[in-house]
Amino acid sequence: MNTIDMDRLKTGEVNLGTSIMAVQFDGGVVVGADSRTTTGSYIANRVTDKLTYVHDRIYCCRSGSAADTQAIADVVHMALQQFAQANGGHPSVHVAATLFESICYSNKDALSAGIIVAGWDKESGASVYNIPLGGGLFRQPWAIGGSGSTYVYGYCDATYKEGWGRDETVQFVKNTLSLAMARDGSSGGVIRMAVITEDGVERLFVPGNELPTFWEGLEVLGKPGKQPGVVPMAVEPL
Amino acid sequence: MTSIGTGYDLSASTYSPDGRIFQIEYASKAVDNSGTAIGLRVKDGVVLAVEKLVHSKLLVPGANRRIQTIDKHIGLASSGLLADGRQIANKARDEAANYRDNYREPATLKALSDRLGLYVQAYTLYSSVRPFGCSTILGCIDKNGPSIYVIEPSGVFHGYHGAAVGKGRQLAKTELEKLKLSELTTREAVFEAARIIHLVHDDAKEKEFELEMTWIGDETKGRHLPVPQDLFEEADRKAKEALENFE
């Protein structure tokens with residue numbers, strides 16, 4: 001049996017069941033991710049940093065196999081260093097995304113990696129590139145990825161607006177990730193974000209107890225006795 | 001007569017006692033005895049011009065282009081052994097295509113010159129090959145603006161505002177230094193280039209010659225193209241007039 005079963009992790013392999021996203025705004029990008037790494041149902045790392053530096057103003061968000069994405073990011077990191085040396089300038093996000101794509105596509109059979117590349121460069125300003133499993137390259141104003149992203153497509157489609165500033169974009173990322181983490185078992189922990197602009201990279205951190213909350217399910221089921229006719233979920237002694 | 005190598009000049013892998021590699025210097029001689037090529041980097045573009053010495057009346061005029069196009073936005077003119085120049089042009093095309101393959105954007109002239117410089121230098125290391133007998137002028141407009149680089153047979157390369165290689169380079173350089181290149185437009189540079197080539201040819205008083213010019217600029221939308229016929233003829237005519245006045 002020579003093919004690799006993509007649905008099963010290889011022995012000892014660790015999964016970045018994940019929620020990642022990147023959103024472009026005028027003057028920069030905000031990248032964000034949850035912090036959960038799992039091996040099966042065991043949370044191997046609950047404070048993972050999935051936002052990886054590849055160049056001064058270019059970061060990537062990693063989802064899929066932790067080993068695969070780390071290896072790819074290392075290769076691209078080195079290639080961008082060489083590019084910057086040979087060309088005497090900062091590489092563009094487009095170049096970084098192309099390098100990721102060429103690795104992901106040519107090794108598509110062996111890799112399990114969904115990567116979002118985002119950053120700022122002088123030629124194009126802010127940009128976000130999504131590289132899903134097959135190794136295609138898609139430039140988008142905003143991109144979400146990982147197992148948790150499936151639960152928030154509706155929220156993102158309904159909420160995203162062009163023309164936001166930095167703070168509104170950060171709030172959008174925070175809300176989206178929080179919703180994804182609330183519903184996806186493979187996502188959780190803390191929210192890590194980075195705001196990348198011409199002036200630099202600002203790292204933001206939202207601890208698990210300060211995540212934005214939405215419907216918590218308490219409004220419908222009131223305290224026992226208050227709403228006659230409504231049966232509580234569990235029978236508790238009064 | 002320049003100093004003869006006397007035994008230290010038989011191969012490129014031998015130094016002379018005073019630290020020179022004579023084969024490389026002899027390669028430069030091949031360049032110095034050949035037709036002139038010049039390049040001008042101006043405010044918004046680049047112009048390349050070559051003095052094509054015509055050795056037979058049977059040659060088809062306008063054929064046998066000397067200035068090559070590399071990718072879409074780079075021009076390459078060489079002086080010296082013409083076959084060597086073509087080899088470098090082919091290598092430049094490979095490198096530019098390879099760059100595009102890897103990075104999905106057109107190569108910058110800086111990166112391409114670096115690669116070609118390394119390539120030319122590699123042929124100065126071994127006794128089994130000879131150094132390239134040509135100097136190459138590369139002109140381009142990339143994301144950093146217009147630029148000109150010259151690669152010598154030793155593999156050394158520099159960026160220039162104005163460059164000249166070949167027989168008439170001394171006179172050409174003097175003329176180029178008189179110009180305020182960073183203020184000229186590409187059109188004006190075409191006229192100046194034609195004038196300079198006519199000037200250096202006349203000085204050499206060789207056989208018949210043909211002028212070949214190409215340009216890259218706003219009027220070509222960043223592509224490396226031969227100067228259009230009407231502009232070419234006007235520049236040629238003006239150059240001949242200027243020559244009469246010069247004398």
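All values reported here derive from a predicted model rather than from experimental measurement.
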Side chains of residues 73-88 of chain A: which donor-acceptor pairs under 3.5 Å do they make with residues two or more places apart or in other chains?
| unit_1 | atom_1 | unit_2 | atom_2 | d |
| --- | --- | --- | --- | --- |
| A:His77 | ND1 | A:Val54 | O | 3.4 |
| A:Asn87 | OD1 | B:Thr108 | OG1 | 3.4 |
| A:Asn87 | ND2 | A:Phe83 | O | 3.1 |

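Between A:Glu168 and A:Lys161 no salt bridge is recorded (no basic side-chain N to carboxylate O distance below 4.0 Å). Between B:Lys52 and B:Glu212, at least one side-chain nitrogen of the basic residue sits less than 4.0 Å from a carboxylate oxygen of the acidic one, meeting the salt-bridge criterion.
Side-chain contact check for B:Thr214 and B:His224: at least one donor-acceptor pair (N or O, by modelled atom type) lies under 3.5 Å. The closest side-chain donor-acceptor pair between A:Ser187 and A:Ser19 falls under 3.5 angstrom.
The contact list for residues 71-102 of chain B toward chain A, using heavy atoms and a distance under 4.5 Å, reads B:Tyr99, B:Asn102 by residue number.
Taking the six-membered ring for Trp, A:Tyr155 and A:Tyr151 have ring centres at least 6.0 Å apart.
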